[in-house]
Amino acid sequence: EDKVVQSPLSLVVHEGDTVTLNCSYEVTNFRSLLWYKQEKKAPTFLFMLTSSGIEKKSGRLSSILDKKELFSILNITATQTGDSAIYLCAVDSYQGAQKLVFGQGTRLTINP
Amino acid sequence: DGGITQSPKYLFRKEGQNVTLSCEQNLNHDAMYWYRQDPGQGLRLIYYSQIVNDFQKGDIAEGYSVSREKKESFPLTVTSAQKNPTAFYLCASTRDFSSYEQYFGPGTRLTVT
């Protein structure tokens with residue numbers, strides 16, 4: 001059975017701290033790993049990773065994939081209160097069509 | 001503006017009633033998806049459709065039904081057979097079935113009492 005596990009499930013830090021969110025997976029037919037940010041309703045796309053060892057960056061956020069060890073991390077530096085959200089990791093277990101398997105999410109709270 | 005709309009935002013129903021959630025997209029995307037999200041859990045796939053008049057069951061299809069008569073529309077019916085229907089429902093789409101990024105609608109929160 002395809003499985004994606006995120007840790008920690010919940011994290012509370014102070015503004016300015018750096019955080020690392022983890023995502024491990026076991027899926028058949030791995031095609032890509034995606035990170036989403038969910039603030040109130042619709043998840044919004046952050047990164048898509050397909051190749052091992054190549055870091056994707058967007059401002060203070062960065063992510064990297066290790067296909068040998070089957071995990072990914074999402075780093076956020078110099079956190080701001082606006083980074084408070086649920087961060088979702090999803091793996092595309094391609095089976096003739098895109099089929100995303102989601103982790104439970106990490107609820108990140110940034111206190112001022 | 002292109003995007004995905006879901007209506008209504010909040011829906012209340014009594015147990016035993018079927019209810020249909022709307023999902024419309026004007027992105028000209030071929031593939032559409034329905035997910036369910038429960039507190040403390042990730043999204044779980046209910047149904048997906050790659051093209052018009054075709055759809056497949058996801059991981060938790062029991063108690064749900066869908067139709068895909070038009071490219072823009074993918075309504076989800078929550079039937080009385082669904083044992084725990086109260087949840088947040090998200091609709092998503094991708095350009096085609098081989099695309100990577102899914103675009104999500106704002107969601108519908110369904111409460112059944």
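The basis for the numbers below is simple: all heavy atoms, side chains too, and nothing from hydrogens, waters or symmetry mates. Lettering follows sequence order; numbering is per chain, from 1.
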Heavy-atom cut-off 4.5 Å, strictly under: side chain, backbone, both or neither for [X] against chain B?
X	result
A:T50	side chain
A:L9	neither
A:Q38	side chain

field: Part of B:Q6 lying under 4.5 Å from any heavy atom of chain A
entry: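 For B:Q6, no heavy atom lies under 4.5 Å from chain A.
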- prompt: Where on B:L43 is there a heavy atom nearer than 4.5 Å to chain A: the side chain, the backbone, both, or neither?
  reply: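 Contact with chain A is through both the backbone and side chain of B:L43.
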field: Heavy-atom pairs under 4.5 Å with chain B, option from A:P43, A:G103, A:A90 with the top count
entry: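 Answer, by heavy-atom pair count under 4.5 Å with chain B: A:P43.
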field: Candidate pair B:Y33 and B:Y47, rule ring-ring contact (aromatic ring centres under 6.0 Å, His included), full reasoning
entry: CA-CA 6 Å; B:Y33 306 79; B:Y47 268 98; over 10 Å; no
- prompt: In terms of hydrophobic clusters joined by side-chain contacts under 4.5 Å, are B:L90 and A:L100 together?
  reply: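 Per the 4.5 Å side-chain linkage, B:L90 and A:L100 are co-clustered.
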query: Going through the distances and angles, do B:D38 and B:R44 end up as a salt bridge (charged side-chain N to carboxylate O under 4.0 Å, His left out)?
result: CA-CA 9 Å; B:D38 294 284; B:R44 292 184 289 167; 2.8 Å; yes
field: From CA spacing to verdict: side chain to side chain donor-acceptor pair (under 3.5 Å), A:Y87, A:R107
entry: CA-CA 6 Å; A:Y87 289 83; A:R107 182 178 291 275; over 6 Å; no
task: Test A:E15 against A:Q80 for side-chain contact (heavy atoms from CB on, under 4.5 Å), laying out the working first.
output: CA-CA 5 Å; A:E15 207 168 14; A:Q80 302 170 358; 4.3 Å; yes
